[in-house]
*Asks:* 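Before I ask anything, here is the structure I am working with.
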Amino acid sequence: MTERSKVRQLCVALAAMLAAGPIGLGADSVRGANWASAHIAGIPAVDPGCKVVFDANDKTLDTPNHAYQEHVEAGGKKVTSELITVNGQRYLLVNGKWSKSRMTVADTKAQEEENKKNAKVVSCKKVGSDSVNGQAATVYTEHSENEDTKADGKVWISSSGVILKNEIDLDTGDATKNHITIRYEYGNVKAPI
């Protein structure tokens, strides 16, 4: 898998949950009450309950972070990857070597905005509290649909407003279903190259 396709896959997964619809977060996503049928002039209404999730996605993109992704494909094949976001740039670990992505934070945000415009359904719901690596988090469930992708998942948001973890079940419409887990770390993040 090429670097570009890995970044796109990550952005699609993130965008599906954090930006599809009325997010972006994405990649490369991604809602309070279900607003699936609320459309005005063909444009989906923005679920005000999802603002906290959209804001967390934006803050996560703007905060230096190291994301660890585990992707379980149909058939049980497990693929892992890492993505560092710092100073508006993104770096992807491919075949044991870090490379600078052509997809910047600005590109990711633009993709997410496009996903918002194209979403058919986006909903989210606060479901409780939990912790990720000892950090307190508020947990939200999300459901999103666009023309060719459906996603269900959970997002853990810290008290400082950044995403600590995402779990996403992604259906890309081609009989392929994927489970993606993304965990974020924020301490001492630097460009790897």
*Asks:* Heavy-atom distance under 4.5 Å between the side chains of I180 and N166, does that happen here?
*Replies:* no

*Asks:* Any chance you could measure S81, atom OG, to N95, atom CG, to the nearest 0.5 Å?
*Replies:* 11.5 Å

*Asks:* Between atom NZ of K125 and atom OG1 of T141, what is the distance when rounded to the nearest 0.5 Å?
*Replies:* 7.0 Å

*Asks:* Does any part of the side chain of I193, heavy atoms only, come nearer than 4.5 Å to the side chain of K100, both counted from C-beta?
*Replies:* yes

*Asks:* Specify the closest pair of heavy atoms between V86 and P64, including all atoms of both residues, with the distance to one decimal.
*Replies:* CG2-CB, 3.9 Å

*Asks:* For the hydrophobic clusters of this structure (ILVMFWY residues joined by side-chain heavy atoms under 4.5 Å, transitively), does one cluster hold both L92 and Y68?
*Replies:* no

*Asks:* Should V53 and E142 be marked as a side chain to side chain contact (heavy atoms under 4.5 Å, CB included) after you check the CA-CA gap, both sets of side-chain angles, and the distance that decides it?
*Replies:* CA-CA 9 Å; V53 177; E142 299 179 285; 3.1 Å; yes

*Asks:* May I ask you to test the H143-D169 pair for a side-chain heavy-atom distance under 4.5 Å?
*Replies:* no

*Asks:* The criterion is side-chain contact (heavy atoms from CB on, under 4.5 Å); which residues satisfy it with K77, sequence neighbours excluded?
*Replies:* E73, V79

*Asks:* With sequence neighbours excluded, what pairs up with D55 under the side-chain contact (heavy atoms from CB on, under 4.5 Å) test?
*Replies:* K51

*Asks:* Starting at OH of Y184, measure out to CD1 of I182 and round the result to the nearest 0.5 Å.
*Replies:* 4.5 Å

*Asks:* Between D148 and K120, does any side-chain N to carboxylate O distance fall below 4.0 Å?
*Replies:* no

*Asks:* My understanding is that only residues two or more places apart in sequence, or in another chain, count here; which of them pass side-chain hydrogen bond (donor to acceptor under 3.5 Å, both in side chains) with T63?
*Replies:* none

*Asks:* Which donor-acceptor pairs under 3.5 Å do the side chains of residues 156-164 make with protein atoms, sequence neighbours left out?
*Replies:*
unit_1, atom_1, unit_2, atom_2, d
W156, NE1, D130, OD2, 3.1
S158, OG, S160, N, 3.2
S158, OG, S160, OG, 2.8
S158, OG, G161, N, 3.3
S158, OG, V162, N, 3.3
S158, OG, V162, O, 3.3

*Asks:* Take V105 and R90 through the side chain to side chain contact (heavy atoms under 4.5 Å, CB included) test and state the conclusion after the steps.
*Replies:* CA-CA 7 Å; V105 167; R90 307 192 91 185; 4.2 Å; yes

*Asks:* Could you give all pairs that pass the ring pair (Phe, Tyr, Trp, His ring centres under 6.0 Å) test and reach residues 79-133, with sequence neighbours left out?
*Replies:* H66-W98

*Asks:* How would you list, by chain and number, every residue that makes a salt bridge (Lys or Arg N to Asp or Glu O under 4.0 Å) with K78, sequence neighbours excluded?
*Replies:* E70

*Asks:* Taking salt bridge (Lys or Arg N to Asp or Glu O under 4.0 Å) as the definition, give me every residue that meets it alongside K177, ordered by chain and number, with sequence neighbours left out.
*Replies:* D171

*Asks:* Hydrophobic cluster membership, with links at side-chain heavy-atom distances under 4.5 Å among I/L/V/M/F/W/Y: are V52 and I168 in one?
*Replies:* yes

*Asks:* Hey, does the side chain of N87 reach the backbone of Q89 with a donor-acceptor pair shorter than 3.5 angstrom?
*Replies:* no

*Asks:* Look up atom CG in L83 and atom OG in S101, then write down how far apart they are to the nearest 0.5 Å.
*Replies:* 7.0 Å

*Asks:* So how far is it from H71 NE2 to T80 OG1, rounded to the nearest 0.5 Å?
*Replies:* 11.5 Å

*Asks:* Report the residues that fulfil side-chain hydrogen bond (donor to acceptor under 3.5 Å, both in side chains) with E185, sequence neighbours left out, ordered by chain and then residue number.
*Replies:* R183

*Asks:* Under a 4.5 Å cut-off applied to non-hydrogen side-chain atoms, are L61 and K109 in contact?
*Replies:* yes

*Asks:* Is any side-chain heavy atom of M103 less than 4.5 Å from a side-chain heavy atom of Q111?
*Replies:* yes

*Asks:* side-chain hydrogen bond (donor to acceptor under 3.5 Å, both in side chains) with N65: which residues, sequence neighbours excluded?
*Replies:* none

*Asks:* Under the ring-ring contact (aromatic ring centres under 6.0 Å, His included) rule, collect the residues that match up with Y186, sequence neighbours excluded.
*Replies:* none

*Asks:* Between the main-chain N or O of D107 and the side-chain N or O of T104, is there a donor-acceptor pair closer than 3.5 Å?
*Replies:* yes

*Asks:* side-chain hydrogen bond (donor to acceptor under 3.5 Å, both in side chains) with K165: which residues, sequence neighbours excluded?
*Replies:* E167

*Asks:* Taking all non-hydrogen atoms of both residues into account, name the closest pair between A151 and L170 and its distance.
*Replies:* CB-CD1, 3.9 Å

*Asks:* Listing request: all ring pair (Phe, Tyr, Trp, His ring centres under 6.0 Å) pairs with a residue in residues 103-137, at least two apart in sequence or in separate chains.
*Replies:* none

